[in-house]
S.K.: 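Could you have a look at this structure, given as structure tokens, before my questions?
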Amino acid sequence: MSRFSEPQDPVFQQLNASISYDRRLWPYDIEQSRAHAAMLAAQGIIDDADRDAIDAGLDEVEQELVAGEFPFRDDDEDIHMAVERRLTELVGPAGGKLHTARSRNDQVATDVALFTRDHARRAVAAVEKLMATLLDVAEEHIDWPMPGYTHLQRAQPVYLGHHLLAYVWMLDRDRARFRFAAEQADSLPLGAGALAGVNFDTDRGFVADRLGFDRVAPNSIDAVSNRDFVLDYLGAAAICATHLSRLGAELVLWSSE
């Protein structure tokens with residue numbers, strides 16, 4: 001409930017809202033909410049009827065989002081508020097119980113961790129696919145001679161296979177960096193509350209298992225403030241992009257001879 005009697009100014013509303021870009025988190029927000037509701041019911045914090053109503057409502061919310069028919073409102077500050085607001089519209093008071101024993105702080109941190117871990121793992125798969133392709137081409141051209149370049153000047157002769165393998169080793173390091181980013185994001189923040197835990201007998205291990213997290217974050221303050229894994233991912237992506245740019249530039253160079 002707002003502390004102010006007057007509605008927010010539209011300019012402030014735009015400044016304060018993040019939904020224009022965090023709406024991409026919706027699959028993770030729904031996945032997290034299902035796991036959280038299941039835990040609340042398993043711990044006797046909500047009853048099974050409320051859990052089932054929440055699950056049914058989340059199914060409907062998901063269908064609306066997939067179909068592009070979700071009724072976003074101007075006062076939906078972020079995707080997390082939007083999902084809970086719509087859920088409550090659909091299922092009534094049971095929807096409001098979903099927020100029991102969690103804060104937007106640990107909810108957002110959990111969604112971002114899920115998002116980053118998922119995309120880091122996808123990057124690993126894409127890098128490995130490119131590595132395999134380069135290995136195949138290198139084997140096919142293992143003894144094809146070509147000029148090696150230094151500072152865009154022709155230097156010593158090398159084999160094309162050897163040259164292509166240089167990119168395989170670059171990508172191998174990229175894969176390690178993306179794996180590291182995924183591992184760093186594999187710690188469950190949910191249960192930290194706003195910053196100092198929650199006053200309910202929750203089971204964080206239950207939620208971690210449902211969401212596939214390797215472990216739970218041990219410190220509540222660090223759990224809600226940690227975004228290191230995002231920087232790990234961005235660093236890995238930037239370095240990988242540099243390697244791909246180098247490969248692209250060489251293809252242009254070779255095609256221009």
Side-chain angles (χ1 to χ4, degrees), residues 18-43 45-46 48 50-72 76-91 94-125 178 181-194 198 200 202-217 223-224 226-227 229-230 233:
S18 59
I19 197 164
S20 62
Y21 51 87
D22 69 19
R23 67 174 60 191
R24 73 190 71 180
L25 294 175
W26 73 257
Y28 308 98
D29 200 69
I30 288 178
E31 181 185 10
Q32 176 201 155
S33 294
R34 287 190 176 117
H36 185 65
M39 182 276 294
L40 292 176
Q43 292 296 103
I45 298 171
I46 64 173
D48 290 348
D50 285 334
R51 177 204 58 205
D52 293 344
I54 289 169
D55 280 341
L58 288 171
D59 287 343
E60 192 167 346
V61 170
E62 182 177 32
Q63 291 169 12
E64 290 178 345
L65 285 161
V66 169
E69 298 171 352
F70 185 89
F72 286 104
D76 286 334
E77 190 172 296
D78 55 35
I79 189 62
H80 324 289
M81 288 182 65
V83 168
E84 283 195 29
R85 184 264 306 162
R86 181 59 177 154
L87 174 66
T88 304
E89 289 174 354
L90 292 170
V91 304
K97 295 180 181 181
L98 177 61
H99 205 64
T100 305
R102 75 176 180 182
S103 161
R104 261 201 299 172
N105 290 1
D106 59 350
Q107 183 181 357
V108 171
T110 301
D111 283 357
V112 174
L114 287 166
F115 176 90
T116 304
R117 186 185 65 178
D118 183 30
H119 283 73
R121 289 174 175 174
R122 292 186 198 180
V124 168
F178 282 121
E183 193 276 332
Q184 290 299 299
D186 211 10
S187 179
L188 174 71
L190 201 66
V198 297
F200 291 89
T202 59
D203 186 345
R204 299 180 70 203
F206 179 100
V207 178
D209 183 64
R210 283 291 183 102
L211 296 176
F213 280 101
D214 179 64
R215 58 198 179 278
V216 299
V224 296
N226 176 29
R227 298 295 187 276
F229 51 85
V230 176
Y233 178 87

S.K.: Please determine if Arg85 and Glu77 form a salt bridge, counting it only when a charged side-chain N lies under 4.0 Å from a carboxylate O.
M.R.: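 Salt bridge flag = no for Glu77 with Arg85.
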
S.K.: Could you tell me the separation between the CG atom of Asp59 and the CG atom of Leu87, rounded to the nearest 0.5 Å?
M.R.: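 The CG atom of Leu87 is 10.5 Å from CG of Asp59, to the nearest 0.5 Å.
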
S.K.: As an exercise, state the distance from CE of Met81 to CG of Asp29, rounded to the nearest 0.5 Å.
M.R.: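 These two atoms lie 12.0 Å from each other.
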
S.K.: To the nearest 0.5 Å, what is the distance between CZ on Phe115 and OH on Tyr233?
M.R.: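 Atom-to-atom, Phe115:CZ and Tyr233:OH are 7.5 Å apart.
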
S.K.: From the options Val112, Val108, Ile79, select the one residue that forms a side chain to side chain contact (heavy atoms under 4.5 Å, CB included) with Asp22.
M.R.: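 Output: one option passes, namely Ile79.
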
S.K.: The test is salt bridge (charged side-chain N to carboxylate O under 4.0 Å, His left out); show your working for Glu84 and Arg104 and say whether it passes.
M.R.: CA-CA 11 Å; Glu84 283 195 29; Arg104 261 201 299 172; over 6 Å; no

S.K.: Got a donor-acceptor contact below 3.5 angstrom from the Asp76 side chain to the Asp78 backbone?
M.R.: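 No, Asp76 side chain to Asp78 backbone: no donor-acceptor pair under 3.5 Å.
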
S.K.: Run Leu58 and Ile54 through side chain to side chain contact (heavy atoms under 4.5 Å, CB included) and show every step you take.
M.R.: CA-CA 6 Å; Leu58 288 171; Ile54 289 169; 3.8 Å; yes

S.K.: Do the rings of His119 and Tyr28 sit parallel, tilted or perpendicular, given the 30° and 60° boundaries?
M.R.: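 Tilted.
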
S.K.: Report the C-alpha distance between Arg24 and Asp111 in whole Å, list the side-chain angles of each, state the deciding distance to 0.1 Å, and finish with yes or no for salt bridge (charged side-chain N to carboxylate O under 4.0 Å, His left out).
M.R.: CA-CA 10 Å; Arg24 73 190 71 180; Asp111 283 357; over 6 Å; no

S.K.: In Å, rounded to the nearest 0.5 Å, how long is the span from CG of Leu211 to CZ of Arg34?
M.R.: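 If I round to the nearest 0.5 Å, the distance is 11.5 Å.
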
S.K.: Looking only at heavy atoms, what is the nearest atom pair of Ile45 and Thr100, with distance?
M.R.: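 Result for this residue pair: CG2-CG2, 3.8 Å.
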
S.K.: In plain terms, say whether Arg121 and Glu183 are close enough for a salt bridge, that is, a side-chain N and a carboxylate O under 4.0 Å apart.
M.R.: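 The answer is no: the pair does not qualify as a salt bridge.
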
S.K.: What distance do Glu62 atom CD and Trp26 atom CH2 have between them, rounded to the nearest 0.5 Å?
M.R.: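 Output value for this atom pair is 5.0 Å.
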
S.K.: Donor-acceptor pair, distance only, cut-off 3.5 Å: does the side chain of Arg204 make one with the backbone of Ala217?
M.R.: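 A pair under 3.5 Å: yes.
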
S.K.: Is it the case that the side chain of Gln32 and the backbone of Gln107 share a donor-acceptor pair, with hydrogens and angles ignored and the cut-off at 3.5 Å?
M.R.: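 Side chain of Gln32 to backbone of Gln107: a pair is present.
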
S.K.: Quick one: does any side-chain atom of Thr116 pair with a main-chain N or O of Val230 as donor and acceptor, under 3.5 Å?
M.R.: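 Answer holds: no.
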
S.K.: When you measure from the side chain of Asp106 to the backbone N and O of Ser103, does any donor-acceptor pair fall under 3.5 Å?
M.R.: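 Looks like yes, one N/O pair under 3.5 Å.
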
S.K.: Working note: Arg102 + Val198, criterion side chain to side chain contact (heavy atoms under 4.5 Å, CB included); need CA distance, chi angles, decisive distance, verdict.
M.R.: CA-CA 7 Å; Arg102 75 176 180 182; Val198 297; 5.9 Å; no

S.K.: Carefully, step by step, assess Leu114 and Phe213 under the rule side chain to side chain contact (heavy atoms under 4.5 Å, CB included).
M.R.: CA-CA 9 Å; Leu114 287 166; Phe213 280 101; 3.7 Å; yes

S.K.: On the ring face of Phe70, is Arg23 found with NZ or CZ under 6.0 Å from the centre and within 45° of the axis?
M.R.: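 No; the conditions do not both hold, so Arg23 does not lie above the ring face of Phe70.
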
S.K.: Any donor-acceptor pair under 3.5 Å linking the side-chain atoms of Arg117 with those of Ser187?
M.R.: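 Not at all, the side chains of Ser187 and Arg117 share no donor-acceptor pair under 3.5 Å.
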
S.K.: If you look at every heavy atom in Ala37 and Arg51, which pair is closest and at what distance?
M.R.: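 Closest approach of Ala37 to Arg51, heavy atoms only: O-CG, 3.9 Å.
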
S.K.: Going through the checks in order, is the side chain to side chain contact (heavy atoms under 4.5 Å, CB included) test met by Ile30 and Leu65?
M.R.: CA-CA 11 Å; Ile30 288 178; Leu65 285 161; 3.9 Å; yes

S.K.: Quick check: closest heavy atoms across Gly57 and Val91, and the distance to 0.1 Å?
M.R.: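 Looking at all heavy atoms of both residues, the shortest contact is CA-CG1, 3.7 Å.
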
S.K.: What distance separates Leu98 CG from Leu40 CG, expressed to the nearest 0.5 Å?
M.R.: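 Answer rounded to 0.5 Å: 7.5 Å.
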
S.K.: Restricting to non-hydrogen atoms, name the atom on Gly193 and the atom on Asn105 that form the minimum distance, rounded to 0.1 Å.
M.R.: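 Closest approach of Gly193 to Asn105, heavy atoms only: O-CB, 3.8 Å.
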
S.K.: How far apart are the closest heavy atoms of Asp186 and Gly212, and which atoms are they?
M.R.: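 Heavy-atom minimum between the residues: OD1-O, 3.5 Å.
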
S.K.: If you compare all heavy atoms of Ala101 against all heavy atoms of His36, which two are closest, and at what distance to 0.1 Å?
M.R.: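 Shortest heavy-atom separation between Ala101 and His36 comes out as O-CE1, 3.7 Å.
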
